[in-house]
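Whatever order the structure lists them in is the order used to number ligands and atoms, beginning at 1.
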Amino acid sequence: MPGFEVFGEEEKQQALEVFDTGVLFRYEFGEQRKGVYKVREFEQAFAKYTGAAHAQAVTSGTAALKVALTALGVGIGDEVITQGFTFVATWEAILDVGAVPVFTEVDQTLNMDPTDLEKKITSKTRAIIPVHMLGAPARIVEIKAIADKYGVPVLEDTAQAPGARLNGQHLGTFGHFGTFSFDSVKTITTGEGGMVISNDEELWRNCSEYHDHGHDHAVNPGGRGGEERRFIGFNYRMMELQGAIGLAQLAKLESIVASQQKNKAILKEAASKIAGVSFRVILDEQGDSATFLSFMLPDKEQAAKVNQVLRDNKAGAINFGENSWHFYPSWEHLLGSKTLSKNGWPFDSHCKRRVIYDPEALPDSVELMNRTLVYQVPVNLSDTQRETMLAALAKAAAL
Ligand SMILES: *Cc1c(COP(=O)(O)O)cnc(C)c1O
């Protein structure tokens with residue numbers, strides 16, 4: 001999965017071009033920067049790669065979610081629906097704009113269950129955030145159709161799936177927005193960083209100005225120039241060094257995905273020999289970014305038994321049922337309304353409405369996640385690592 005595996009000379013060369021100008025900032029410094037605009041160039045290359053009309057670089061994937069929600073006009077008391085299997089960042093961003101996160105079950109895609117989504121739409125729903133977890137698509141076409149029926153915008157959290165496609169179309173380009181992360185463990189990395197993509201020029205302009213303290217970007221789209229201000233903003237600006245590294249990493253994305261697909265096929269073949277095993281539904285195998293291999297056992301006990309063998313043989317898998325960062329029942333700080341704010345914000349101040357999260361609200365997801373085992377697929381699978389993993393999987397198959 002991680003771009004840090006292929007970090008090298010290309011990133012260094014890109015960064016040196018920024019050092020040569022001494023301009024670390026994306027805006028202004030016209031003369032001194034000698035035509036070097038790395039963040040702008042990264043945005044343009046990212047938009048071209050994904051096929052989106054516009055891209056806005058920001059400081060993180062979490063910031064990308066917040067900027068996109070803000071651009072959509074989501075605010076206090078609004079409801080935003082996402083899935084119960086995601087990284088905490090998705091709902092942190094929802095809470096941060098003052099909205100109420102509502103969680104759906106996940107299905108065999110390990111992503112948003114469209115049937116449950118439709119049940120959870122109310123008159124307060126202002127956005128829907130399906131997450132393309134573990135490198136593969138949510139049922140985005142169905143989700144978009146449901147959202148359209150109720151007139152609710154869709155924001156795709158694509159943090160874990162750059163380079164992934166569904167029927168040839170890049171994930172992140174189906175909804176009003178797609179957001180990406182370039183943190184330390186993501187498929188391409190800029191250290192910290194994020195991106196928002198959109199086909200809607202007005203929404204993109206909202207992102208562009210909001211992330212830059214509300215500076216007027218109208219006269220010089222994607223850059224400063226005007227003196228007007230349309231609304232209050234914030235600072236989520238990406239640095240030139242990050243843009244430079246992003247350009248080098250983006251150029252490697254296709255080869256990262258190709259290596260992962262090759263390595264995933266080797267691991268999948270070995271895992272398919274385990275008695276009773278089934279695999280996560282991948283809607284488009286060809287478009288899979290192949291960052292992870294997810295396989296299911298018939299029940300929680302068998303999954304635990306298989307994973308014990310894998311662990312004993314130095315190739316333990318992740319069970320997200322036991323992971324505290326990605327799955328609803330283990331978010332004790334959310335369930336317990338824990339906040340530094342003395343007035344209980346954001347749990348207590350939603351227009352006098354207190355939001356209560358029931359730990360048992362997603363029984364289908366619990367059943368599924370408890371019997372799912374997950375391997376991260378390395379970009380560079382060394383001979384020793386491959387032998388170890390294949391030997392462990394063979395032991396599990398002999399159970
Ligand atoms: C990593 C991640 C984010 C947040 O990205 P950061 O850059 O770390 O802020 C958001 N959503 C998902 C699904 C992620 O995996």
Hey, what's the ring geometry for His217 with His215, parallel, tilted or perpendicular (30° and 60° as the breaks)?
-> parallel

Parallel, tilted or perpendicular for Phe87 and Trp325, by the 30°/60° rule?
-> tilted

In the hydrophobic clustering (ILVMFWY, side-chain contacts below 4.5 Å, transitive), which residues join Phe7, or is it alone?
->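 Taking Ile, Leu, Val, Met, Phe, Trp and Tyr as members, Phe7 shares its hydrophobic cluster with Ile245.
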
Test Trp331 against every option in Tyr357, Trp91, Phe85 by the ring-ring contact (aromatic ring centres under 6.0 Å, His included) rule and name the one that passes.
->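 Among Tyr357, Trp91, Phe85, the one that satisfies the ring-ring contact (aromatic ring centres under 6.0 Å, His included) with Trp331 is Trp91.
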
Honestly, is Lys66 close enough over Phe234, meaning NZ or CZ under 6.0 Å from the six-membered ring centre and within 45° of the axis?
->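 Yes, cation above the ring, under 6.0 Å and within 45°.
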
Counting heavy atoms not belonging to Glu17, are there more than 12 under 6.0 Å from its CD?
-> yes

Distances under 3.5 Å, N/O of ligand 1 against N/O of the protein: list each pair and its distance.
residue	atom	partner	partner atom	Å
ligand 1	5 (O)	Ser181	OG	3.1
ligand 1	7 (O)	Gly61	N	2.7
ligand 1	7 (O)	Ser181	OG	2.7
ligand 1	8 (O)	Asp183	OD2	2.6
ligand 1	9 (O)	Gly61	N	3.3
ligand 1	9 (O)	Thr62	N	2.9
ligand 1	9 (O)	Thr62	OG1	2.4
ligand 1	11 (N)	Asp157	OD1	3.3
ligand 1	11 (N)	Asp157	OD2	2.8
ligand 1	15 (O)	Gln160	NE2	2.9
ligand 1	15 (O)	Lys186	NZ	3.1

